[in-house]
Protein chains: 2
Amino acid sequence: MSHVAAESESTDAAPPAAAEKPVEQKKKRGRPSRIDLDTIVGIARRILQEEGVAALSMRRVAKEVGTTPMALYHHVRDKDELLMLTLSGTADSVPRPELPDDPRDRLLAVSLHMHGTLARMPWVVEVLSLGDLTDKGALWMVEEIIDSCMTCGLTPAEAVAAYRTIWHCVYGDLVFRQAMARRAEEPDRRRHFPGMLTDADAEELPHMTALAGRWLELTADYDVAKQLGAVIDGLLGQARRP
Amino acid sequence: MSHVAAESESTDAAPPAAAEKPVEQKKKRGRPSRIDLDTIVGIARRILQEEGVAALSMRRVAKEVGTTPMALYHHVRDKDELLMLTLSGTADSVPRPELPDDPRDRLLAVSLHMHGTLARMPWVVEVLSLGDLTDKGALWMVEEIIDSCMTCGLTPAEAVAAYRTIWHCVYGDLVFRQAMARRAEEPDRRRHFPGMLTDADAEELPHMTALAGRWLELTADYDVAKQLGAVIDGLLGQARRP
DNA sequence: ACCTGAACACCGTTCAAGT
DNA sequence: ACCTGAACACCGTTCAAGT
């Protein structure tokens, strides 16, 4: 159940690229610590994976590590820092895909790879909402997107903006899907869009009342690849008419 | 300071369209309630406006209303329901803008109106992340977007998908801006992207290392209107090649 | 240097009792 | 019908003390 966490954990702990670690190299002086950052972060990551951010508390992590809550604060400044640390290394656990050579296809492929990867790690999306990207291993995707955009004729500034727009589409879709999944779990029928329309609204909102019956179907049919394709076309279109 | 809340509050409480209220019409039998839903929701809205979702607790609302926390549960099922209720009526507090006739311009104008409105109500964005749209007064924008898309030749299904993509761009940008604003407040220098790159990364990430120095500037220059324009071009482009 | 215990100032929500 | 009080099972974090 927790072998995915264990894997990325060992990736973190692997000594070769130790210079990359943000924590300063500690000489082993004084009392040797009985718990180390890597196990703390690993356990936190497992909790996030299995139960999401809402389930992660310092007290819970401490219990699973086998210490007091306060022992954690000796290794980590606060809960936020712990959350950020769970992110680093996760990108490296996903194999880098073959990418097409055509820059437009490449752009779409990388964007979809981002989307697909994160769709399988919903907790990462949740944590990303709270802070920014701290996982260096994910930057190759940004680089690829910017590079492809520039190959298609965008200026560096336009390429960076295009990256951000693509990211908004990817992130927005993931958040939307998660909200839907959460709502599906609750048997609780809070009324959302289609339910709150009556025939009386047909005049003001003709399309929406007409589509209300098909809304669930239409929502389910949303095709990220197709939409991202269209967005990319639009973004690259900037190059042709300056 | 709280007059915006007060306004939408009175909008809520206005009797004419009472049939719209989700709560069932209560006959005034039994002990008359000393606190009513509208004041609870109004106070919650003010707290959200002034201090954000993190500051909103049932206990806090109770204190400001002048009751015990548990009295609230007689008017509201749980905190989540209270949050959803704060949303309803907010859209009506914003005047509806004049819109251009050309459907493409109209599409962009409505999208920017959504963005601009929500940019001024950050708490709404925060609450929206937790649930779905419950404010009927906001649906005219969705209707306009779908209508314009269809006028441009999209099928209803494509129009709904296009709406969602536009929403992702709007929402994604707002979330991004809020995260940036929050980060700017903390003097705390957690290292985010540009700081974590060294010269050693120039080989793997040439564009990003080259742009690292300009990153803040480039981020600040992000032009939502321009990007949404490009996205809309791409989405409408679907119509021409079926 | 590393860990512990007790404490502070909070949470959302349930439940039994009051008027 | 509406409200209260006490209680349950939690939070993140500080602080003084232990080894």
Side-chain angles (χ1 to χ4, degrees), chain A residues 21 23-41 43-44 47-48 51-86 126-127 130-131 182 185-188 190, chain B residues 21 23-41 43-44 47-48 51-86 126-127 130-131 182 185-188 190:
Chain A
K21 287 225 261 164
V23 236
E24 63 282 5
Q25 205 104 347
K26 297 188 187 174
K27 311 261 177 183
K28 286 186 181 168
R29 286 207 272 107
R31 189 210 271 217
S33 64
R34 291 191 332 192
I35 56 181
D36 64 332
L37 231 194
D38 289 327
T39 67
I40 294 175
V41 173
I43 290 199
I47 294 172
L48 287 171
E51 303 173 52
V53 275
L56 190 115
S57 72
M58 296 302 270
R59 295 173 121 107
R60 168 84 184 274
V61 173
K63 193 183 287 175
E64 304 217 359
V65 170
T67 22
T68 42
M70 288 321 299
L72 301 180
Y73 285 87
H74 213 266
H75 301 263
V76 133
R77 182 154 35 142
D78 54 18
K79 190 183 174 182
D80 239 64
E81 186 172 285
L82 177 54
L83 279 169
M84 290 302 122
L85 287 172
T86 59
E126 289 185 279
V127 177
L130 312 171
R182 215 176 312 136
E185 275 170 19
E186 291 168 5
D188 189 16
R190 318 247 186 205
Chain B
K21 286 229 258 164
V23 236
E24 63 282 4
Q25 206 103 345
K26 296 187 186 175
K27 312 262 176 183
K28 286 184 183 169
R29 286 207 272 107
R31 189 209 272 215
S33 62
R34 292 189 332 189
I35 56 180
D36 64 334
L37 231 195
D38 289 327
T39 67
I40 294 174
V41 173
I43 291 200
I47 295 173
L48 287 170
E51 303 173 52
V53 274
L56 190 116
S57 72
M58 296 302 271
R59 296 172 122 105
R60 168 84 184 275
V61 173
K63 191 181 288 174
E64 304 216 358
V65 171
T67 22
T68 42
M70 288 320 301
L72 302 180
Y73 285 88
H74 213 266
H75 301 262
V76 134
R77 184 155 32 144
D78 53 19
K79 190 184 174 182
D80 239 64
E81 186 171 287
L82 177 53
L83 279 169
M84 290 304 120
L85 287 173
T86 59
E126 289 184 278
V127 177
L130 312 170
R182 216 176 311 137
E185 274 170 20
E186 293 168 3
D188 189 17
R190 318 247 187 204

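Note on naming: letters A, B, ... go to the chains in the order of the sequence lines (proteins, then strands), and numbering restarts at 1 for each one. Both backbone and side-chain heavy atoms feed into the values below; hydrogens, waters and symmetry mates do not.
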pair A/Glu51-A/Leu56: side-chain heavy atoms closer than 4.5 Å: no
Protein-nucleotide distance (B/Tyr73, atom OH; C/dG12, atom P), rounded to Å: 6 Å
How long is the line joining CG of B/Leu82 and P of C/dT13, in whole Å? 10 Å
Which atom of B/Leu72 lies closest to which atom of B/Ala62, heavy atoms considered: CD1-N, 3.8 Å
Does a side-chain N or O from A/His75 land closer than 4.0 Å to OP1 or OP2 of C/dC3, or not? yes
Over all heavy atoms of both residues, which pair between B/Val65 and B/Ile40 is shortest? Give the atoms and the distance, please. CG2-CA, 4.3 Å
Taking only Watson-Crick and G-U wobble pairs with both distances under 3.5 Å, what dot-bracket line describes DNA chain D, where [ ] shows pairs that cross earlier ones and | shows pairs with another strand? ||.|||||...|||||.||
From the set C/dT13, D/dC11, D/dT4, return the single nucleotide nearest to any side-chain atom of B/Ala71. D/dT4
Who passes side-chain hydrogen bond (donor to acceptor under 3.5 Å, both in side chains) against A/Glu64, sequence neighbours left out? A/Arg46, A/Arg60
Side-chain heavy atoms of B/Val41 within contact of B/His75, under 4.5 Å: no
Let's see if you can work this out: which of D/dT13, C/dC3, C/dT13 has an atom nearest to the side-chain heavy atoms of A/Asp78? D/dT13
Write down the distance between NE2 (B/His74) and P (C/dC15), rounded to a whole number of angstrom. 15 Å
Checking contacts here: which listed nucleotide (D/dG12, C/dT4, D/dT4) is nearest the side-chain heavy atoms of A/Lys79? D/dG12
For the residue pair B/Gly52 and B/Glu126, what are the closest heavy atoms and their distance? CA-OE1, 3.7 Å
How long is the line joining CD of B/Glu81 and C1' of C/dT13, in whole Å? 14 Å
Would you kindly give the CZ-to-C1' distance between B/Arg60 and D/dC11, to the nearest whole Å? 18 Å
Below 3.5 Å is the cut-off: list the nitrogen or oxygen pairs between protein and nucleotides 8-10 of chain D, distance only.
none

Check the distance between D/dC11's P and A/Leu56's CG and give it to me in whole angstrom. 10 Å
Among D/dC2, C/dC2, D/dT4, which nucleotide sits nearest the side chain of B/Thr67? D/dT4
Between B/Leu82 and B/Met58, is a side chain to side chain contact (heavy atoms under 4.5 Å, CB included) present by the stated rule, with each step listed? CA-CA 9 Å; B/Leu82 177 53; B/Met58 296 302 271; 4.0 Å; yes
Would you compute the distance between atom CZ of B/Arg59 and atom OG1 of B/Thr68 and round it to the nearest 0.5 angstrom? 10.5 Å
So what does B/Met70 hit on the nucleic acid, given a heavy-atom distance under 4.0 Å: a base, only sugar-phosphate, or nothing? base
Considering non-hydrogen atoms only, spot the tightest contact between B/Val53 and B/Leu83 and give its length. CG1-CD2, 4.3 Å
In whole angstroms, the gap separating P of C/dC3 from CE of A/Met58 amounts to 14 Å
